[in-house]
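Here is how names work: the chains are called A, B, and so on, in the same order as the sequence lines, proteins then strands, and each is numbered from 1.
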There are 2 protein chains.
Amino acid sequence: MIAAWDRSPASPVDPLVHRVETLAAPPPDLVAALRGLTLRDEPVNARAELSGAPRLVAAGWGARHCILADGRRQILSFVLPGDLVAFDPHRAPLRYAATVSLTAMIVADAAPLLDLETEAAGRDAPIARVLRTLAGAEEALLAHQVTRLGRQTAYERMAHLLLELHERLCIAGVEQGDGFTLPVTQEVLADSLGLSIVHTNRTIQQLRRDGLVRMAGTRVTLVEPARLAALADYIPLARMLGRP
Amino acid sequence: MIAAWDRSPASPVDPLVHRVETLAAPPPDLVAALRGLTLRDEPVNARAELSGAPRLVAAGWGARHCILADGRRQILSFVLPGDLVAFDPHRAPLRYAATVSLTAMIVADAAPLLDLETEAAGRDAPIARVLRTLAGAEEALLAHQVTRLGRQTAYERMAHLLLELHERLCIAGVEQGDGFTLPVTQEVLADSLGLSIVHTNRTIQQLRRDGLVRMAGTRVTLVEPARLAALADYIPLARMLGRP
DNA sequence: CGACCAATTGACCTTTCTCAAATTGGGTGG
DNA sequence: CCACCCAATTTGAGAAAGGTCAATTGGTCG
């Protein structure tokens with residue numbers, strides 16, 4: 001048996017490649033090209049701001065959020081392995097919306113990826129098609145987030161978010177099976193779900209009592225994914241992006 | 001005096017050009033090129049689905065929305081004059097999120113605009129820069145929407161949305177001054193704000209009683225824009241996009 | 001052990017929802 | 001012009017969901 005630290009270290013592009021393979025049916029040579037990239041990566045502390053240059057998340061959790069004048073915070077989206085941040089260098093980042101790390105992270109310089117796109121000029125190039133799929137995934141996440149916040153109860157929201165996080169981590173190849181590691185506090189969940197901390201806690205407990213999820217430490221297990229998906233009206237990202 | 005129907009008909013690109021001029025400081029020759037476009041436009045009935053080809057909204061109101069299994073509806077964003085719909089023909093539209101007309105609309109074929117972008121190949125072409133700004137505006141709108149739904153009270157949400165609609169219509173040159181025409185029912189506002197119809201109605205009345213807005217028929221007047229903006233923590237789109 | 005942060009619990013309060021019933025405001029056919 | 005209709009707005013009353021405040025527990029780390 002091989003211990004985790006004993007394996008050859010994963011490449012920072014692995015989660016991205018896994019996402020691409022899962023969502024976009026890329027030609028093999030594009031996958032090879034992506035794997036062939038050697039990206040300069042660097043560690044980022046928790047609670048740091050991710051700003052500036054184009055980056056690819058290799059590990060760790062972050063978030064984009066807005067903060068109101070009186071301190072209320074709303075998370076717009078979680079930033080997970082395989083995600084691109086500030087990818088278009090020509091586009092100024094939104095003011096009053098920040099991208100921050102929630103845990104320690106490893107982020108890589110995404111410039112080589114950009115070059116790949118620039119060289120393969122043309123809208124129909126496989127790399128362009130793949131990047132469009134990733135943009136579509138981001139759009140789908142925002143649609144999920146708005147619908148959760150606007151039209152779902154706390155119970156539904158929580159189930160929906162857990163399903164989404166699980167699906168995203170599986171798509172990125174970071175997790176597999178029926179559970180995942182949730183490395184953030186309930187306060188962070190509350191700031192994503194638009195709930196108070198107290199109510200977030202009670203909602204989790206209700207899901208536990210109903211036998212739908214198990215949560216111990218940072219480990220989440222989706223005990224009854226099908227029932228969760230039904231009650232939360234969860235539409236998998238893969239399905240939103242058009243795969244039947 | 002000239003009746004409305006007597007004026008020379010506005011070009012379908014007018015709202016777009018006005019937005020671009022307001023938000024993106026474009027070079028004069030690009031503005032000329034945009035004005036020079038002759039777009040085939042067509043009327044769309046209220047409550048129709050806007051699907052398929054790239055379109056530019058010339059007049060009327062639409063919305064993107066998701067509908068849950070039990071009928072609950074959440075509007076993701078309003079679609080107003082000057083907005084592009086399904087602009088990237090290479091990108092499949094999200095399933096389970098539809099774009100519909102709320103009023104009668106006039107929409108134009110956006111293909112010539114796309115051609116303009118394709119011909120002027122290059123990320124730094126003025127047309128590309130302008131389209132990026134419009135994409136940034138859309139992103140800012142979604143940030144607003146998520147924050148409203150997640151962290152604001154009904155009262156704040158309503159004030160915030162009215163300010164946003166007003167700003168968008170002014171940016172598109174469709175309105176000016178301190179008011180605008182709101183051609184949708186309170187049910188539609190409710191579906192955007194994540195509220196019930198009844199509470200939407202009561203919230204509007206509260207704003208009226210407080211002397212912050214006037215609403216008669218479809219006409220909305222922002223009586224105290226500054227106080228509204230302060231209580232709703234409203235950040236103008238222009239400021240989010242980086243203009244100081 | 002003490003400090004501290006996250007999770008949890010209890011009590012009470014506010015916001016928002018639901019249901020049901022007016023009321024209003026245009027249009028429309030007679 | 002008027003009676004009628006339908007959709008939209010408005011009102012009332014009671015219930016449910018979720019928030020706030022304050023205290024307690026549990027685990028971790030120096």
Q: Closer than 3.5 angstrom, by distance alone: can the side chain of A:His160 be matched with the main-chain N or O of A:His144 as a donor-acceptor pair?
A: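 Checking the backbone N and O of A:His144 against the side chain of A:His160, no donor-acceptor pair under 3.5 Å is found.
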Q: Sequence neighbours excluded, which residues qualify as side chain to side chain contact (heavy atoms under 4.5 Å, CB included) partners of A:Ser101?
A: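 A:Ser101: side chain to side chain contact (heavy atoms under 4.5 Å, CB included) contacts with A:Val44, A:Ala48, A:Leu50, A:Met105.
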Q: If you look at every heavy atom in B:Pro183 and B:Trp61, which pair is closest and at what distance?
A: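 Looking at all heavy atoms of both residues, the shortest contact is CD-CE2, 3.4 Å.
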Q: Going by side-chain hydrogen bond (donor to acceptor under 3.5 Å, both in side chains), name the pairs with one or both residues in residues 176-185 of chain B, residues two or more places apart or in two chains.
A: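 side-chain hydrogen bond (donor to acceptor under 3.5 Å, both in side chains) check on residues 176-185 of chain B returns B:Thr181-B:Arg219.
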Q: Mind checking A:Ser196 for me? I need base, sugar-phosphate or nothing, with any heavy atom below 4.0 Å counting as a touch.
A: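 It contacts base atoms.
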Q: Hey, what do you get for OG1 (A:Thr153) to CE (A:Met158), rounding to the nearest 0.5 Å?
A: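 It comes to 11.0 Å.
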Q: Do B:Asp41 side-chain atoms and B:Val107 backbone N/O form a donor-acceptor pair below 3.5 Å?
A: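 The answer is no, because no donor-acceptor pair under 3.5 Å joins these two groups.
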Q: Considering only heavy atoms of chain B and a distance under 4.0 Å, specify the first and last nucleotide of DNA chain D in 5' to 3' order that meet this criterion.
A: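 Reading along DNA chain D, I get D:dA8 to D:dA13.
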Q: Got a sec? Which of residues 198-210 of chain B come in under 4.0 Å of DNA chain C, heavy atoms?
A: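 Heavy-atom cutoff 4.0 Å gives B:Val198, B:His199, B:Arg202.
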Q: Give a yes or no answer on whether the side chain of A:Asp83 reaches the backbone of A:Leu80 with a donor-acceptor pair at less than 3.5 Å.
A: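 At least one qualifying donor-acceptor pair exists.
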Q: Look only at the side chain of B:Asp210 and the backbone of B:Leu207, and say whether a donor-acceptor pair between them is shorter than 3.5 Å.
A: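 No, because the side chain of B:Asp210 does not come within donor-acceptor range (under 3.5 Å) of the backbone of B:Leu207.
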Q: Please identify each residue that fulfils side chain to side chain contact (heavy atoms under 4.5 Å, CB included) with A:Arg209, with sequence neighbours left out.
A: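 Expected list: A:Gln205, A:Gln206.
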Q: Need one value for B:Gly194: base, sugar-phosphate or nothing, where a base atom within 4.0 Å counts as base even if backbone is also close, heavy atoms only.
A: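 Counting heavy atoms under 4.0 Å across all strands, the contact made by B:Gly194 is with sugar-phosphate only.
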Q: Give me the first and last nucleotide of DNA chain C, going 5' to 3', that has any atom under 4.0 Å from a heavy atom of chain A.
A: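 Contact span on the strand: C:dA6 to C:dA11.
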Q: Between the opening five pairs and the closing five pairs of the helix from C:dC1-D:dG30 to C:dG30-D:dC1, how far apart are the helix axes, to 10°?
A: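 That helix has its two terminal axes inclined by roughly 30°.
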Q: Per the salt bridge (charged side-chain N to carboxylate O under 4.0 Å, His left out) rule, what does the pair list look like for residues 52-63 of chain B, sequence neighbours excluded?
A: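 Output for this query lists B:Glu42-B:Arg55.
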Q: So which of A:Leu231, A:Leu162, A:Thr221 actually passes side chain to side chain contact (heavy atoms under 4.5 Å, CB included) with A:Leu212?
A: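 For A:Leu212, the side chain to side chain contact (heavy atoms under 4.5 Å, CB included) test succeeds with only one of A:Leu231, A:Leu162, A:Thr221, which is A:Leu231.
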Q: For the pair B:Glu175 and B:Arg168, evaluate salt bridge (charged side-chain N to carboxylate O under 4.0 Å, His left out) and give the outcome as yes or no after the intermediate values.
A: CA-CA 9 Å; B:Glu175 300 276 359; B:Arg168 287 180 69 186; over 6 Å; no
Q: Let's see if you get this right: which residues in residues 145-165 of chain B place a heavy atom under 4.0 Å from DNA chain C?
A: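 Within residues 145-165 of chain B, the residues near DNA chain C are B:Thr153, B:Ala154.
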Q: Going by the salt bridge (charged side-chain N to carboxylate O under 4.0 Å, His left out) test, which pairs reach into residues 141-159 of chain B, not counting sequence neighbours?
A: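 Counting only pairs at least two positions apart or across chains, the salt bridge (charged side-chain N to carboxylate O under 4.0 Å, His left out) contacts touching residues 141-159 of chain B are A:Arg72-B:Glu156, A:Asp191-B:Arg151, B:Arg148-B:Glu164.
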Q: Among all residues two or more places apart in sequence or in another chain, which pass the salt bridge (Lys or Arg N to Asp or Glu O under 4.0 Å) test with A:Glu224?
A: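 Once residues adjacent in sequence are excluded, the partners of A:Glu224 under the salt bridge (Lys or Arg N to Asp or Glu O under 4.0 Å) criterion are A:Arg227.
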Q: Applying the side chain to side chain contact (heavy atoms under 4.5 Å, CB included) criterion to A:Thr147, which one of B:Leu76, B:Leu149, B:Ile75 satisfies it?
A: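 Of the listed residues B:Leu76, B:Leu149, B:Ile75, the side chain to side chain contact (heavy atoms under 4.5 Å, CB included) partner of A:Thr147 is B:Leu76.
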Q: For a side chain to side chain contact (heavy atoms under 4.5 Å, CB included) with B:Leu94, tell me which candidate from A:Ile235, A:Leu237, A:Leu142, A:Leu241 qualifies.
A: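 Going through the options one by one, the only one that passes is A:Leu241.
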Q: For a quick check of understanding: with a heavy-atom distance under 4.0 Å over all strands, which category does B:Ile197 fall into, base, sugar-phosphate or nothing?
A: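 It contacts nothing in the nucleic acid.
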Q: Check whether any side-chain N or O of A:Arg214 sits under 3.5 Å from a backbone N or O of A:Arg208 as a donor-acceptor pair, and report yes or no.
A: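 No: the side chain of A:Arg214 does not pair with the backbone of A:Arg208.
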Q: Using a strict heavy-atom distance below 4.0 Å, which residues from residues 62-70 of chain B are in contact with DNA chain D?
A: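 Contacts with DNA chain D under 4.0 Å: none.
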Q: Kindly say whether B:Ser192 contributes a backbone atom to a donor-acceptor pair with the side chain of B:Gln74 at under 3.5 angstrom?
A: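 The answer is yes, because a donor-acceptor pair under 3.5 Å joins these two groups.
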